[in-house]
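Below: one structure, written as structure tokens.
Quick caveat, the model's predicted, so the values are computed rather than measured.
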Amino acid sequence: MMEGQCAFCGLSNQVRICKNPDTGKGPQFCSTLLYPECIEKAAEEYQSEEMHTFAVNSAKNERSCYDCSVETAGLPKPVKCRIEETIDFCKSMDYKKIGLAFCGALHREAAVVAKIFRAHGLETVSVMCKVGGIDKAAIGIQEEEKLHPGRFEAMCNPIAQAEILNQADTDFNVVIGLCVGHDSLFLSHSKKMCTVLAVKDRLLGHNPLAAVYTNHSYYGFLNNGD
């Protein structure tokens with residue numbers, strides 16, 4: 001069975017079927033054309049009370065991020081940064097208690113975020129990745145696989161981060177800079193909905209898209225697949 005490849009669509013917004021369902025079109029690998037059952041199932045899910053409220057507030061919050069009275073090249077003017085968007089979404093959902101699951105390398109940034117959230121009336125519970133102080137050997141990491149062989153080295157503990165925020169009964173959780181894989185473990189164990197404020201990218205100052213934006217030049221070597 002052919003599978004969706006939206007990343008390679010190549011059609012403009014004016015003719016894409018996902019943007020213009022009545023007159024638009026799509027390539028053979030168009031997800032809108034290939035997965036009608038999935039789309040119908042999703043439409044039904046949005047009607048459930050929890051998902052409907054979440055989806056409606058997400059859409060309204062998206063709209064509030066733009067000043068549609070000002071356009072450049074057909075695009076409305078953006079007016080909110082990600083942290084403002086997160087705060088406003090929490091308020092629209094009437095969330096009171098926000099969990100922060102953060103990487104120790106972004107301890108200072110997490111403190112700033114917590115202070116900003118509190119300034120906007122949001123209670124915060126924050127848990128760092130190294131919580132528990134468990135040596136990496138506990139999950140089978142060999143000494144030569146540590147950053148500092150022969151020494152105690154605390155493992156990242158995203159499952160514990162999730163369990164602590166579950167116990168704290170947060171309304172919503174925000175991920176700040178967890179590593180690839182560790183973020184997955186956290187998200188899979190959190191009982192509450194989550195969003196990602198920042199991702200980990202040690203080399204690029206936590207801006208992984210920099211490698212995408214320079215893919216035609218400095219980071220072109222990524223295209224070699226080696």
Side-chain angles (χ1 to χ4, degrees), residues 2-20 24-35 38-39 42 54-55 58-59 61-68 70-90 100-110 112-113 116 128-129 147 156 158 161-162 172-188 190 193-226:
M2 186 173 292
E3 296 181 328
Q5 295 291 341
C6 288
F8 300 106
C9 177
L11 298 177
S12 68
N13 285 337
Q14 288 70 34
V15 298
R16 285 179 181 166
I17 190 171
C18 57
K19 290 280 190 173
N20 301 279
K25 59 183 180 180
Q28 288 184 318
F29 50 76
C30 172
S31 294
T32 298
L33 298 176
L34 290 174
Y35 304 108
C38 294
I39 294 168
F54 201 90
S58 297
N61 198 48
E62 177 194 8
R63 168 62 179 82
S64 72
C65 292
Y66 298 95
D67 178 356
C68 293
V70 181
E71 290 192 359
T72 301
L75 298 173
K77 177 184 177 182
V79 293
K80 288 184 186 178
C81 65
R82 178 80 179 199
I83 193 166
E84 290 176 293
E85 182 181 1
T86 303
I87 290 168
D88 288 348
F89 179 73
C90 289
L100 303 180
F102 69 95
C103 168
L106 284 86
H107 195 282
R108 181 174 62 181
E109 291 84 350
V112 172
V113 171
I116 291 173
M128 194 177 80
C129 60
L147 294 173
C156 292
Q161 287 178 289
F172 191 57
N173 294 325
V174 177
V175 175
I176 303 175
L178 297 186
C179 301
V180 173
H182 294 147
D183 53 2
S184 306
L185 288 168
F186 174 81
L187 294 169
S188 68
S190 172
M193 289 286 204
C194 305
T195 193
V196 178
L197 180 63
V199 298
K200 168 71 70 64
D201 193 316
R202 301 163 183 82
L203 186 63
L204 299 176
H206 311 303
N207 176 25
L209 285 179
V212 176
Y213 296 142
T214 58
N215 184 253
H216 65 288
S217 55
Y218 302 112
Y219 275 83
F221 64 86
L222 292 174
N223 299 321
N224 298 331
D226 296 330

- Item | Validation row: Thr195, Val175 side chains within 4.5 angstrom (heavy atoms) | no
- Any chance you could measure Leu197, atom CG, to Ile83, atom CD1, to the nearest 0.5 Å? 5.5 Å
- Closest approach of Ala211 and Leu204, non-hydrogen atoms and distance? N-CD1, 3.7 Å
- Message: For a side-chain contact (heavy atoms from CB on, under 4.5 Å) check, start with the C-alpha distance between Asn173 and Phe186, then their side-chain angles and the critical distance, and finish with the verdict.
- Response: CA-CA 10 Å; Asn173 294 325; Phe186 174 81; 4.1 Å; yes
- Would you indicate whether Tyr35, at its atom OH, is surrounded by more than 12 heavy atoms from other residues, nucleotides or ligands within a distance under 6.0 Å? yes
- Task: Mind checking the CZ-NZ spacing from Arg16 to Lys25? Nearest 0.5 Å is all I need.
- Result: 12.5 Å
- Message: Ignoring hydrogens and geometry beyond distance, is a side-chain donor-acceptor pair present between Asn223 and Asn215 at under 3.5 Å?
- Response: yes
- Go through Phe172 and Phe89 one step at a time and tell me if the ring-ring contact (aromatic ring centres under 6.0 Å, His included) criterion holds. CA-CA 10 Å; Phe172 191 57; Phe89 179 73; 5.7 Å; yes
- Item | Considering all heavy atoms, the nearest Gln161-Met128 contact | NE2-C, 3.3 Å
- Main-chain N/O of Pro158 paired with His182 side-chain donor or acceptor, under 3.5 Å: no
- State, yes or no, whether a side-chain contact exists between Cys103 and Leu106 at a heavy-atom distance under 4.5 Å. yes
- pair Asn61-Lys80: side-chain heavy atoms closer than 4.5 Å: yes
- Message: Val113 vs Val174, test: side-chain contact (heavy atoms from CB on, under 4.5 Å). Steps then yes/no.
- Response: CA-CA 10 Å; Val113 171; Val174 177; 5.6 Å; no
- Task: Please report the closest heavy-atom contact between Ser31 and Gly4, naming both atoms and the distance.
- Result: OG-CA, 3.4 Å
- Message: Any non-hydrogen side-chain atom of Cys30 less than 4.5 Å from a side-chain atom of Ile17?
- Response: yes
- Message: Assess, by modelled atom type and distance only, whether the side chains of Thr72 and Lys77 contain a donor and an acceptor separated by less than 3.5 Å.
- Response: no
- Task: Apply side-chain contact (heavy atoms from CB on, under 4.5 Å) to Leu178 and Lys200, showing your working.
- Result: CA-CA 6 Å; Leu178 297 186; Lys200 168 71 70 64; over 6 Å; no
- Item | Contact summary for Leu11 and Gly26, nearest pair of heavy atoms | CD1-CA, 3.9 Å
- Message: Between Glu3 and Phe29, is there a side-chain heavy-atom distance shorter than 4.5 Å?
- Response: no
- Any side-chain heavy-atom pair of Ser190 and Leu187 under 4.5 Å: no
- Message: Taking Val196's backbone N and O only, do any of them form a donor-acceptor pair with Arg82's side chain (distance below 3.5 Å, no angle check)?
- Response: yes
- Task: For residues Leu100 and Ala110, report the shortest heavy-atom separation together with the two atoms involved.
- Result: CD1-O, 4.1 Å
- Step through the shown structure and confirm whether more than 12 heavy atoms of other residues, nucleotides or ligands are within 6.0 Å of CZ on Phe54. yes
- Message: For a quick test of reading the model, state the closest non-hydrogen atom pair linking Cys129 to Gly104 and the distance between them.
- Response: SG-N, 3.3 Å
- Side-chain donor/acceptor of Asn20 to backbone N/O of Asn13, under 3.5 Å: yes
- Begin from the C-alpha positions of Glu84 and Val79 and carry the test side-chain contact (heavy atoms from CB on, under 4.5 Å) through to its verdict. CA-CA 9 Å; Glu84 290 176 293; Val79 293; over 6 Å; no
- Message: Determine whether a donor-acceptor pair (N or O, by modelled atom type, separation under 3.5 Å) exists between the side chain of Ser188 and the backbone of Leu185.
- Response: yes
